[in-house]
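Inspection log for the structure reproduced underneath, given as structure tokens.
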Amino acid sequence: MSASPVFIAAEVVEKFLKFPELIQQLERALANFSHGAEGGVVQPLRTIVPVAKYNGFLGVMPAYSAADDSLTTKVVTFYEGGTSSDLPSHQSTVLLFDPRNGILKAVIDGNVITDRRTAAVSAVATKLLKPALSEVLCILGSGAQARSHYEAFTEMFTFKEVRIWSRSRKNAEMFASSMKGAIRVCDSTREAVTGADVIITVTMATKPVLFGEWVKSGAHVNAVGACRPDWRELDDELMKSCVLYVDSREAASHESGDILQSGAAIFAELGEVVNGTKPALTEKTTVFKSLGMAIEDTVSAKLVFDSWSSSTESE
Ligand SMILES: NC(=O)C1=CN([C@@H]2O[C@H](COP(=O)(O)OP(=O)(O)OC[C@H]3O[C@@H](n4cnc5c(N)ncnc54)[C@H](O)[C@@H]3O)[C@@H](O)[C@H]2O)C=CC1
Ligand SMILES: O=C([O-])C1=[NH+]CCC1
């Protein structure tokens, strides 16, 4: 009989999933993904089950990475407008299997993985695509992804000013007072965005919150929300005038409302830039449309499991 799977809780994931190591590992995974079959990544389009009665969605995100010899599936739920309680709007669990025989080895909290790996991928995009002089960072949204992005970006880059905008000023102020470092709370999206060199959109908006007319020429945008074909965060003007990078062409052309509804053309996958097969056009206005890939969870879960295993062996 096989041993029971271990359960790895959020606090343990927090301890072992750290920037900058996660960023380095995910940069490598993005490159493998964009190498096609040669890169050894198997990742079908995720399955999404709408739970229309409650404005919710269940996503199933399986992947295998030959380079990491890691096999996982994440199960994630997300609710438009959150739930009626204090629960996070996104909740997830990652199942890690032994790829040699299919035994379930670990059930891992997926919330910290989702927050940190998404921010880590945005950090890779920003490293490659930001303008040479990047002094002002702007974050739209003040939820879980805003926090992980702030942590990753202030650890990896140096900005003279960080601005936050949220639908409610109170939430933006709470965000600013709960994080280390100075953050300017802005009253409008326009105020937050004007003159910013790097912009992160991490909202649950279903209609555009970021408009091309406000975005400084040459700025870099990480567009992280709007993961449904009928949801938007960015307007047509920005989508059509930018150089557009995505995590996965396949996912982007099935899931991204910003791409499907604007008709914007995809220039490259981020992994192609890492591989050197497509250029990073840092002098242009760039958008990285992130939808989130299962392979990011696969690599993160393996990192957590291996670190946890080594720590228990040395006890
Ligand atoms: N690309 C990726 O890999 C991933 C993307 N996401 C997406 O990132 C976004 C943020 O996720 P979380 O921070 O976990 O959510 P959250 O629920 O913790 O925070 C959402 C934020 O958006 C704001 N918001 C909600 N409706 C809005 C509207 N209509 N206009 C403007 N702001 C609005 C909320 O006030 C809050 O500040 C979501 O769209 C989510 O689906 C989440 C996980 C991974
Ligand atoms: O990659 C991910 O886990 C998600 N992307 C959008 C909602 C959840």
Side-chain angles (χ1 to χ4, degrees), residues 26 30 43 45-50 55-63 72-83 85-94 110-125 139-152 164-176 178 185 188-189 192 200-211 221-234 245-248 251-252 254-258 270 287-298 300-301:
L26 292 181
L30 290 164
Q43 178 189 278
L45 190 65
R46 64 184 156 207
T47 299
I48 299 281
V49 178
N55 289 328
F57 298 87
L58 171 91
V60 183
M61 302 176 60
T72 62
T73 190
K74 181 165 84 177
V75 185
V76 56
T77 56
F78 52 102
Y79 283 76
E80 210 181 323
T83 56
S85 63
D86 280 342
L87 290 173
S89 59
H90 293 63
Q91 298 170 72
S92 60
T93 304
V94 180
N111 291 5
V112 179
I113 289 182
T114 301
D115 294 346
R116 292 204 176 157
R117 62 69 152 155
T118 307
V121 169
S122 297
V124 173
I139 303 177
L140 304 183
S142 61
Q145 289 292 339
R147 283 192 292 280
S148 60
H149 277 73
Y150 179 81
E151 283 163 2
I164 181 125
W165 169 86
S166 192
R167 276 185 311 176
S168 104
R169 187 176 165 98
K170 194 171 138 241
N171 285 348
E173 280 169 353
M174 273 164 52
F175 178 95
S178 67
V185 173
S188 71
T189 339
I200 304 170
T201 59
V202 272
T203 73
M204 285 286 278
T206 55
K207 300 207 164 44
V209 290
L210 180 61
F211 293 83
V221 178
N222 296 294
V224 176
C227 64
R228 299 292 303 146
D230 55 348
W231 291 3
R232 302 289 302 263
E233 267 191 325
L234 278 43
Y245 297 82
V246 296
D247 43 14
S248 151
H254 281 86
E255 295 185 342
S256 167
D258 285 326
L270 191 54
V287 169
F288 168 54
K289 178 57 228 157
S290 164
L291 286 159
M293 299 203 293
I295 194 65
E296 300 160 8
D297 303 311
T298 307
S300 305

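As the structure lists them, so they are numbered: ligands from 1, and atoms in each ligand from 1.
Not one N or O of Asp115 is nearer than 3.5 Å to an N or O of ligand 1, by distance alone. For the pair Met204 and ligand 1, the shortest N or O to N or O distance falls below 3.5 Å. Any N or O atom pair closer than 3.5 Å counts here, and Cys227 shares no such pair with ligand 1.
Between atom 1 (N) of ligand 1 and the options Ala226, Ala251, Ser290, the minimum heavy-atom separation is to Ser290. In this structure, of Gln91, Glu80, His90, Arg167, the residue bringing a heavy atom nearest to atom 14 (O) of ligand 1 is His90.
When atom types are taken as modelled, the side chain of Gln43 and the backbone of Ala294 share a donor-acceptor pair closer than 3.5 angstrom. Asp258 contributes a side-chain N or O that, together with a main-chain N or O of Leu234, makes up a donor-acceptor pair within less than 3.5 Å.
For the side-chain contact (heavy atoms from CB on, under 4.5 Å) with Leu26, the lone residue among Ile295, Leu270, Val121 that qualifies is Val121.
When all heavy atoms of Ala223 and Lys289 are compared, the closest pair comes out as O-NZ, 3.0 Å. Of all heavy-atom pairs spanning Asp115 and Ala144, the tightest one is OD2-CB, 3.7 Å.
At least one heavy atom of Val224 sits less than 4.0 Å from an atom of ligand 1. Using a non-hydrogen distance threshold of 4.0 Å, Ser168 does not register as a contact of ligand 1. Arg117 counts as a contact of ligand 1, since one of its heavy atoms falls under 4.0 Å from the ligand.
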Point to revise | Verdict with reasoning, Arg46 to Glu255, per salt bridge (Lys or Arg N to Asp or Glu O under 4.0 Å) | key: CA-CA 10 Å; Arg46 64 184 156 207; Glu255 295 185 342; 2.7 Å; yes
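Classification of the Phe78-Trp231 ring pair by plane angle, with boundaries at 30° and 60°, yields perpendicular.
Note that the OG1 atom of Thr189 and the CZ atom of Arg167 stand 11.5 Å from one another [nearest 0.5 Å].
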Ligand 2 polar-atom proximity to protein (N/O, under 3.5 Å):
from: ligand 2; atom 1: 1 (O); to: Arg46; atom 2: NH1; distance (Å): 3.2
from: ligand 2; atom 1: 1 (O); to: Arg117; atom 2: NH1; distance (Å): 3.3
from: ligand 2; atom 1: 1 (O); to: Arg117; atom 2: NH2; distance (Å): 2.8
from: ligand 2; atom 1: 3 (O); to: Lys74; atom 2: NZ; distance (Å): 2.7
from: ligand 2; atom 1: 3 (O); to: Arg117; atom 2: NH2; distance (Å): 3.4
from: ligand 2; atom 1: 5 (N); to: Arg46; atom 2: NH1; distance (Å): 3.4
from: ligand 2; atom 1: 5 (N); to: Leu291; atom 2: O; distance (Å): 3.0

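Ring-centre distance between Tyr245 and Phe288: not below the 6.0 Å cut-off.
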